[in-house]
Engineer: 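Submitted below is the structure of interest, expressed as structure tokens.
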Amino acid sequence: MNARATVGRNASVRTGRAAFRRRRRLRAGLLQLISVGVGLGLGLLVPEIRRGPVLPSREVAELLFSTGFGVLGAATVIFSVLFLVVQWAATTFTPRLTLFRDAPIVWRTFAFVVGLTVFCATAALAVAGREHVSVVVPVAAGVLLLLLLALLRGLLLQAVAAIQLAPVLRSISERGRAGLDALGTSGPQGTPDLPHPASDLPDLPDLPHPPDPAAPGSPENPDGPAPDRRPLAGPGPAPRGRFGPGPERLRSTIRWPGAGAVLQRVDTGRLAQAARAANAIVVLRVSPGTTLRYDTTVAEVYDGDLPGSGVLRALETGAERVFDQDPELAFRLLADIALRALSPAVNDPATAVQALDAMEDLLRRPVPPREGPREITDRAGTVRVLVPLPGREDLLRTAFDDVIPAARNSPMVLVRLRTLLQDLGGTDNGAADRQLAGRLAWVEEELDTGFPRLRDGLTGEHGERVGRPSPAGGDAGRDRGADGGGTAGQEPDGR
């Protein structure tokens, strides 16, 4: 049974619905505005404190002015570090890596600088016409300055980590694990493969047609035939790009009306509430991470009349992909790092091997074997929204299908790919094993073509073995840079 996300207060935490809630992040501009307001308020209130020792107001005002304008120099440090790290990450790793640019500490530190500057300037003007002022004023400025230094220290440490390979791979893997954990609890489990293309949504549970007072078989018309209670999508082949048994239940098709953008998040709670109010079922045709182009089909509305604006308002778009609801992004970034390392200009196969290590850690997590929808229900348990999810084949295609041909001149990477695919095999899942076996045969073919002596050495040392090697053998083979032979003679998927 599919895990379901429930709209309302009583939603279960076991459904992983947090991954599909819109993240209401505090925008950088609003945060800076709040910092200005707090600095202005403190600058007016702190000088009103009359307790404690007093100091000449003139010296205190000069100190505050000097501190306030001197702190502005920290803003140049922040932006200099930001430009350096962003450029370094784009040229060394991948231009799609924006972890440091989007890090909260960058914009929080800048907002703190703005607030501290406003505080110092306001407090200096407030004490300028007085003869004495409490020592609390310069002490408060000193405490805020120490807090700024702590923020700058954290910012610089994070910037140093953002230009090193191991911390970057760890950060990508952590975000990928979070996305895969949510995907593993929300996708269909144990459902059979369908004969229609993987890009189409699979079978859904039986969903009764909403009651129509005038329909045959209703209480108002008991002599007529029974109402249609067929599932929204029946078994068997489905036309590509279509979903549903026929046009009688399809009420409208929602298309993207704007310029090209990337779908970043889907506010499924809001969308389910709108569908419930219209007594409709919304089937999304795009998943987070998809590029929306003008007139692209975004969703289809069944049974009820839901305006397109109600669907589009639940979609958050932007210029780039984000991790929140896009587990495939982690594999895209790791593959980009490996491809750049394998380029003739860089020629760093060891970096590609490290990226493959991170991929293997992600691929060992449970993932639905094929694409399937995530069902979002209302409080009554009625399915209202269906969101397509990536399957294991999508992740494997992103992770390997570009890296394998790029590694044909690197024996180190080919041997690591061979070991990785062998270790992932033998899952007693026929579809998953076929996906891995095709790519393993591809790697074996590249080894046979480019490095026959290495391939013969691997075969002679370990012998040909069918199936997944034991964990001890797999780890030992990886430490030696090689492992047992894989399944040969099969055509690779996607070639």
Side-chain angles (χ1 to χ4, degrees), residues 23-90 97-164 167-168 170-171:
R23 306 294 180 87
R24 300 185 180 278
R25 296 179 176 177
L26 201 59
R27 301 297 180 183
L30 180 60
L31 182 60
Q32 295 166 19
L33 184 61
I34 293 175
S35 299
V36 170
V38 172
L40 182 63
L42 291 178
L44 294 175
L45 293 177
V46 173
E48 298 299 325
I49 299 177
R50 306 292 183 179
R51 298 180 180 180
V54 296
L55 296 174
S57 60
R58 181 175 180 179
E59 285 77 1
V60 173
E62 292 177 354
L63 174 64
L64 291 173
F65 275 121
S66 301
T67 302
F69 289 106
V71 164
L72 288 178
T76 62
V77 174
I78 296 172
F79 282 102
S80 298
V81 171
L82 181 61
F83 292 150
L84 172 65
V85 173
V86 169
Q87 182 181 10
W88 179 279
L97 186 63
T98 60
L99 296 178
F100 184 76
R101 187 201 66 186
D102 298 333
I105 191 173
V106 175
W107 305 109
R108 290 173 184 173
T109 305
F110 182 77
F112 194 88
V113 169
V114 174
L116 180 56
T117 301
V118 172
F119 166 76
C120 292
T122 304
L125 294 175
V127 303
R130 303 177 185 178
E131 183 177 355
H132 296 91
V133 65
S134 174
V135 72
V136 174
V137 177
V139 169
V143 171
L144 294 176
L145 187 60
L146 291 176
L147 292 177
L148 175 60
L149 292 177
L151 287 174
L152 287 175
R153 177 181 179 275
L155 175 67
L156 293 177
L157 291 177
Q158 190 163 340
V160 172
I163 61 177
Q164 299 182 64
V168 168
R170 183 175 63 248
S171 298

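Everything numeric here is computed off the predicted structure, so don't read it as measured data.
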Engineer: Considering only residues two or more places apart or on different chains, which pairs with a residue in residues 117-130 satisfy side chain to side chain donor-acceptor pair (under 3.5 Å)?
Structural biologist: Glu48-Arg130
Engineer: Just how far is it from atom OG1 of Thr109 to atom CG of Leu147, taken to the nearest 0.5 Å?
Structural biologist: 11.0 Å
Engineer: Tell me if a side-chain donor or acceptor on Thr76 pairs with a main-chain N or O of Gly73 at a distance below 3.5 Å.
Structural biologist: yes
Engineer: Which heavy atom of Pro47 sits nearest a heavy atom of Ala126, and at what distance?
Structural biologist: CG-CB, 3.9 Å
Engineer: Listed by chain and number, what are the side-chain contact (heavy atoms from CB on, under 4.5 Å) partners of Arg58, not counting sequence neighbours?
Structural biologist: Glu62
Engineer: Considering only residues two or more places apart or on different chains, which pairs with a residue in residues 111-156 satisfy ring pair (Phe, Tyr, Trp, His ring centres under 6.0 Å)?
Structural biologist: none
Engineer: Distance from Thr67 atom OG1 to Leu148 atom CG, nearest 0.5 Å?
Structural biologist: 11.0 Å
Engineer: Is there a side-chain contact (heavy atoms from CB on, under 4.5 Å) between Phe100 and Val81 once you walk through the steps?
Structural biologist: CA-CA 10 Å; Phe100 184 76; Val81 171; 3.9 Å; yes
Engineer: Between Ala161 and Pro167, what is the shortest heavy-atom contact and its length?
Structural biologist: O-CB, 3.3 Å
Engineer: For a quick test of reading the model, state the closest non-hydrogen atom pair linking Val118 to Gly39 and the distance between them.
Structural biologist: CG1-C, 4.0 Å
Engineer: Do you know the tightest heavy-atom contact between Ala61 and Val127?
Structural biologist: CB-CG2, 4.1 Å
Engineer: Between Ala124 and Leu64, what is the shortest heavy-atom contact and its length?
Structural biologist: N-CD1, 3.6 Å
Engineer: Measure the CD-CG distance between Gln158 and Leu99 for me, rounded to the nearest 0.5 Å.
Structural biologist: 9.0 Å
Engineer: Over 60° means perpendicular and under 30° means parallel, so classify the ring planes of Trp107 and Phe110, tilted if in between.
Structural biologist: perpendicular
Engineer: Is the closest side-chain heavy-atom distance between Arg101 and Val106 below 4.5 Å?
Structural biologist: no
Engineer: Is there side-chain contact between Val71 and Cys120, with heavy atoms separated by less than 4.5 Å?
Structural biologist: no
Engineer: How close do Leu55 and Pro138 get, heavy atom to heavy atom, and via which atoms?
Structural biologist: CD1-CG, 3.9 Å
Engineer: More than 12 foreign heavy atoms under 6.0 Å from CD of Gln87: is that the case here?
Structural biologist: no
Engineer: More than 12 foreign heavy atoms under 6.0 Å from CZ of Arg51: is that the case here?
Structural biologist: no
Engineer: Quick one: does Leu156's side chain get under 4.5 Å of Val160's, heavy atoms only?
Structural biologist: no
Engineer: For a 4.5 angstrom cut-off between non-hydrogen side-chain atoms, does Val136 reach Val46?
Structural biologist: yes
Engineer: Would Ile78 and Leu152 count as a side-chain contact (heavy atoms from CB on, under 4.5 Å) if you check the C-alpha gap in whole Å, the side-chain angles of each, and the deciding distance to 0.1 Å?
Structural biologist: CA-CA 8 Å; Ile78 296 172; Leu152 287 175; 4.1 Å; yes
Engineer: Once you round to the nearest 0.5 Å, how far does CG of Leu40 lie from CG of Leu45?
Structural biologist: 9.0 Å
